[in-house]
Amino acid sequence: MSSTIIENKIKQKFKTYLILVSVAFGLYGNTLLNGYNLDDENDTYTNQTVKQGISAIPEIFTTNYINNKRVRVEYRPVVKAMFAIEYAVFGEAPGIGHFINVLLYALTGIVLFEVLSLLSLHDNKWFPIVATILFLTHPIHTEVVASLKNREDILSFLLSLSAVYCFARYSINDSRKFLWVAGLFFAVGIITKITIAPFILITPLLFWFANVASGKQIAKIMAVMLSVTL
């Protein structure tokens with residue numbers, strides 16, 4: 001492949017990424033001016049653990065998300081640790097938190113586009129970009145992006161898509177390094193929020209119908225996902 005073709009592909013990718021980032025920030029850039037809502041306050045700057053900053057990270061990674069006499073929420077330390085780091089660096093700065101939410105949402109769009117492009121789920125070359133823009137602009141995501149508390153939903157889905165992308169690369173290139181990287185993404189996604197567990201079934205079915213993985217590869221993918229979940 002000539003250097004000119006490679007340069008053109010890189011330029012096209014950059015333009016596509018710029019479009020997706022522009023869509024995300026165009027829709028949700030106004031949230032950067034927002035403060036904390038009620039749920040945000042309970043999980044960010046008024047949370048006694050988060051207010052300890054970086055020193056609280058060992059405690060965050062060794063305890064449940066919420067664990068008291070009234071409520072017990074499963075182990076999900078990743079986003080809480082992010083809030084602790086943000087508080088240590090920026091203090092009470094909801095605008096920074098909202099910026100990170102929108103940025104993660106934009107990255108989710110980019111990874112989704114790459115997954116759709118890699119799996120070639122449709123012959124039309126415009127399908128991945130159109131489908132991704134529809135995803136980014138769907139109003140169902142508004143509360144997730146606008147609420148800092150719901151960052152765990154954005155991040156867990158982003159990590160799941162990253163795992164799917166790496167699993168697809170493993171299937172196509174038969175490279176074990178992508179298999180283990182995918183497992184790492186999925187493991188971090190699981191402890192971000194357990195609701196991504198259905199990807200254990202969705203991913204093999206997706207690869208089967210897209211015809212990008214053999215039965216043996218699908219079995220290995222499921223084994224990796226189950227091993228990091230159980």
### Message
Quick test of your reading of the model: are Asp43 and Lys80 salt-bridged, counting only N-O distances below 4.0 Å?
### Response
no
### Task
Would you check if the distance from the ring center of His141 to the ring center of Phe135 is below 6.0 Å?
yes
#### Entry: Backbone of Gln217 reached by a side-chain donor or acceptor of Ser214 within 3.5 Å
yes
### Query
Got a second to check how far Thr132's OG1 is from Ile110's CD1, nearest 0.5 Å?
10.0 Å
### Task
State, to 0.1 Å, how close Ser175 and Tyr170 come at their nearest heavy-atom pair, and which atoms those are.
O-CD1, 3.3 Å
#### Entry: Beyond-backbone contact of Leu119 with Phe207, side-chain heavy atoms, under 4.5 angstrom
yes
#### Entry: Residues which pass side chain to side chain contact (heavy atoms under 4.5 Å, CB included) with Val89, listed by chain and number, not counting sequence neighbours
Ile85
### Message
When you measure from the side chain of Glu59 to the backbone of Ala56, do you find a donor-acceptor pair of N or O atoms at a distance under 3.5 Å?
### Response
no
### Query
Do Ile202 and Leu112 belong together in a cluster built from hydrophobic side chains that touch within less than 4.5 Å?
no
### Query
Can you check whether Asp153's main-chain N or O pairs, donor with acceptor, with Asn150's side chain at less than 3.5 Å?
no
### Task
Determine which pairs satisfy ring-ring contact (aromatic ring centres under 6.0 Å, His included) with at least one residue from residues 173-196, sequence neighbours left out, and list them in order.
none
### Within 6.0 Å of CG in Leu18, more than 12 heavy atoms from elsewhere
yes
### Query
Under a 4.5 Å cut-off applied to non-hydrogen side-chain atoms, are Val102 and Thr31 in contact?
yes
### Query
Does the side chain of Ile100 come within less than 4.5 Å of Met82's, by heavy atoms?
yes
### Query
Would Phe90 and Phe99 count as a close aromatic pair, with their ring centres under 6.0 Å?
no
### Query
Any side chain to side chain donor-acceptor pair (under 3.5 Å) pairs touching residues 218-230, not counting sequence neighbours?
none
### Task
Verify the cluster assignment for Leu116 and Phe14: are they in a single hydrophobic cluster under the rule of side-chain heavy atoms below 4.5 Å apart?
no
### Message
Please list all pairs meeting salt bridge (charged side-chain N to carboxylate O under 4.0 Å, His left out) that have one or both residues in residues 155-166, counting only residues at least two apart or in different chains.
### Response
none
### Message
Please tell me whether Ile140 and Leu155 are part of a single hydrophobic cluster in this structure, the criterion being side-chain heavy atoms less than 4.5 Å apart.
### Response
no
### Query
Is there a donor-acceptor contact under 3.5 Å from the side chain of Ser147 to the main chain of Val144?
no
### ILVMFWY cluster, Leu134 and Leu20 together (side-chain gap under 4.5 Å)
yes
### Query
Can you list every pair that meets side chain to side chain donor-acceptor pair (under 3.5 Å) and has a residue in residues 198-209, with sequence neighbours left out?
none
### Query
side chain to side chain donor-acceptor pair (under 3.5 Å): which pairs involve residues 91-114, sequence neighbours left out?
Lys13-Glu114, Tyr17-Glu114, Asn101-Arg151
